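All values reported here derive from a predicted model rather than from experimental measurement. Each ligand, and each atom within it, is numbered from 1 in the order the structure gives.
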Amino acid sequence: MKILVTGGAGFIGGNYALTMTKAHPEDTYVVLDALTYAGNLETLASIMNEPNFKFVKGNICDRELVDQLFAEEQFDYVINFAAETHVDRSVEDPGIFLTTNILGVQTLMDACRKYGVKRYHQVSTDEVYGDLPLDRPDLLFTEETPIHTSSPYSASKAAADLLVLAYHRTYGLDVTISRCSNNYGPYHFPEKLIPLMISRALADESLPVYGDGANVRDWLYVTDHCTAIDLIVRNGRSGEVYNIGGHNEKTNLEVVKTILKALGKPESLIHFVKDRPGHDLRYAMDPTKIETELGWKPEYTFDTGIQKTIEWYLENREWWEHIIKGEYQNYYAEMYKDRN
Ligand code: NAD
Ligand code: TYD
């Protein structure tokens, strides 16, 4: 089988390509990635020369390029990880989020229809459900929870989900959608909470916690997300949405304190800063459907996963130091300048 992995030079798509080229040596994986600020070929270095792997640089919104690629490669499956993904960036500049996250999905699905691709899988997010109150720990997002978005990022992902389901109903395209909770693990770009806090704590820099740090996220180790997607693509039912999560709810403050403790750094590094506008209070997934229908189970708890992640950042300094020494410095100065 030949599988297109868009956005495979990013965090989750990169982990997917690294894991699946090994798990399925009989299948060929082609990564299509525009190499935006979030894309990094160093992530894929260890598989670049594998016989069942190929990298193509290109934008999912580029119809001509996408058409040509689909004509040449005749993919069996398409898995779309490519997206603009950082909520804070979407607050600053929503336009590119709408272009990539919605129109890019249209371009890919049009090519799937034209070239008879067996299945299109959309990698979506729990953020399409909006947020849950902090004082109702009994409430979880199910696949039936209404779409109710807060940020331009989540609105663009929700729009894409609706478009995917519309292509299924209107054109009979075979589609599946996965909605996962917050991921963490190796190769995570250091603008996101966990790698940002690890890299800054290691440099004894202040750790910017938004608001009072009480917001809750439901954390999943990235390879557990990858195995869930693989199961859905191969065995999931067409036209269905599957929630993915491992019941690992933590407040942001708990996450930051765990990182400080593991690194032997003082809590005095924590710095409470101005909150994110529209900041979602709590995400929490009910993964019963994927567990019962497809037999998926996460391998890692938060405790084992965060330990593994911290070790990776300690052992792979080059990967992230390369990033934070570049354009990232301007990003950080600009994004955090009004938060103090
Ligand atoms: P990321 O920002 O690390 O990587 C995105 C990748 O997409 C980058 O390699 C980038 O170069 C590429 N890309 C961006 N625009 C492109 C375009 N127009 N054409 C081709 N490539 C393009 O993101 P991630 O965290 O790996 O997220 C991957 C997917 O998973 C996204 O769809 C995201 O919405 C979803 N998701 C992420 C999380 C999370 O916690 N990170 C949780 C649930 C779902
Ligand atoms: P983030 O990693 O941006 O993921 P998302 O917003 O998609 O959940 O943020 C995770 C949580 O951490 C979120 O509640 C915002 C918070 N946060 C901070 O407190 N400080 C930071 O510097 C960042 C980047 C995030």
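- With respect to atom 20 (N) of ligand 2, the closest heavy atom belonging to the protein is Pro208 O, 2.8 Å.
- A donor-acceptor pair is defined here as one N or O able to donate and one able to accept, closer than 3.5 Å; such a pair exists between the side chain of Asn52 and the backbone of Asp27.
- Short contacts between ligand 2 and Val209, defined as distances under 4.0 Å to a heavy atom of the residue, involve ligand atoms 19 (O).
- Taking atom 22 (O) of ligand 2 as the reference point, the nearest protein heavy-atom neighbour is Tyr336 OH, 2.6 Å.
- In terms of protein heavy-atom proximity, atom 13 (C) of ligand 2 is nearest to His279 NE2, 3.4 Å.
- For ligand 2, the polar-atom distance check finds no N/O of Tyr283 at less than 3.5 Å from any of the ligand's N/O atoms.
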Which donor-acceptor pairs under 3.5 Å do the side chains of residues 93-112 make with protein atoms, sequence neighbours left out?
from   : atom 1 : to     : atom 2 : distance (Å)
Thr99  : OG1    : Gly95  : O      : 3.2
Asn101 : OD1    : Glu84  : N      : 2.9
Asn101 : ND2    : Glu84  : O      : 3.0
Asn101 : ND2    : Ser156 : OG     : 3.0
Thr107 : OG1    : Leu103 : O      : 2.9
Asp110 : OD1    : Tyr167 : OH     : 2.7
Asp110 : OD2    : Arg63  : NH1    : 3.2
Asp110 : OD2    : Arg63  : NH2    : 2.7

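- When hydrophobic clusters are built by joining Ile, Leu, Val, Met, Phe, Trp and Tyr residues whose side-chain heavy atoms come closer than 4.5 Å, directly or via intermediates, Tyr313 is grouped together with Ile12.
- If you look at ligand 1, the protein residues with a non-hydrogen atom under 4.0 Å away are Gly7, Ala9, Gly10, Phe11, Ile12, Asp33, Ala34, Leu35, Thr36, Ala38, Gly39, Gly58, Asn59, Ile60, Phe81, Ala82, Ala83, Thr85, Thr100, Val123, Ser124, Thr125, Tyr153, Lys157, Cys180, Ser181, Asn182, Asn183.
- Here Tyr221 and Phe302 keep their ring centres 6.0 angstrom or further from each other.
- Between Arg282 and Glu249, at least one side-chain nitrogen of the basic residue sits less than 4.0 Å from a carboxylate oxygen of the acidic one, meeting the salt-bridge criterion.
- The distance criterion of under 3.5 Å between nitrogen or oxygen atoms is met by Tyr210 with respect to ligand 2.
- In terms of the side chain to side chain donor-acceptor pair (under 3.5 Å) criterion, Trp312 has no residue partners (sequence neighbours excluded).
- By the 30° and 60° cut-offs, the orientation of the rings of Tyr336 relative to Tyr331 is perpendicular.
- For ligand 2, none of its N or O atoms has an N or O atom of Val87 under 3.5 Å away.
- Close contacts of ligand 2 with Glu191, meaning ligand atoms under 4.0 Å from a residue heavy atom, involve 24 (C).
- Closest to atom 16 (C) of ligand 2 among all protein heavy atoms lies Asn252 ND2, 3.4 Å.
- If you check which protein heavy atom lies closest to atom 3 (O) of ligand 2, you get Arg276 NH2, 3.0 Å.
- Residue, atom and distance of the protein heavy atom nearest to atom 4 (O) of ligand 2 are Asn182 ND2, 3.4 Å.
- Looking only at atom types and distance, the side chain of Tyr37 has a donor-acceptor partner in the side chain of Arg89 under 3.5 Å away.
- Among protein heavy atoms, the minimum distance from atom 2 (O) of ligand 2 is reached at Leu193 N, 2.9 Å.
- Lys2 has a carboxylate O that lies under 4.0 Å from a charged side-chain N of Glu73, or vice versa, which qualifies the two as a salt bridge.
- For the residue pair Glu50 / Tyr29, no side-chain donor-acceptor distance below 3.5 Å is found, with atom types taken as modelled.
- Residue Glu127 holds the heavy atom nearest to atom 5 (P) of ligand 2 of all those in Glu127, Lys192, His271, His86.
- Taking the six-membered ring for Trp, Tyr115 and Phe75 have ring centres at least 6.0 Å apart.
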Assess the residue pair Tyr120 and Tyr77 against the criterion (ring pair (Phe, Tyr, Trp, His ring centres under 6.0 Å)); give the C-alpha distance rounded to whole Å, side-chain angles, the decisive distance to 0.1 Å, and a yes or no. CA-CA 6 Å; Tyr120 172 85; Tyr77 294 116; over 10 Å; no
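- Leu162 forms part of no hydrophobic cluster, judged by ILVMFWY side-chain heavy-atom separations under 4.5 Å.
- By heavy-atom distance, the residue among Arg217, Arg282, Arg89 lying nearest atom 8 (O) of ligand 2 is Arg217.
- Only side-chain heavy atoms of Leu196 come within less than 4.0 Å of ligand 2; its backbone N, CA, C and O stay farther off.
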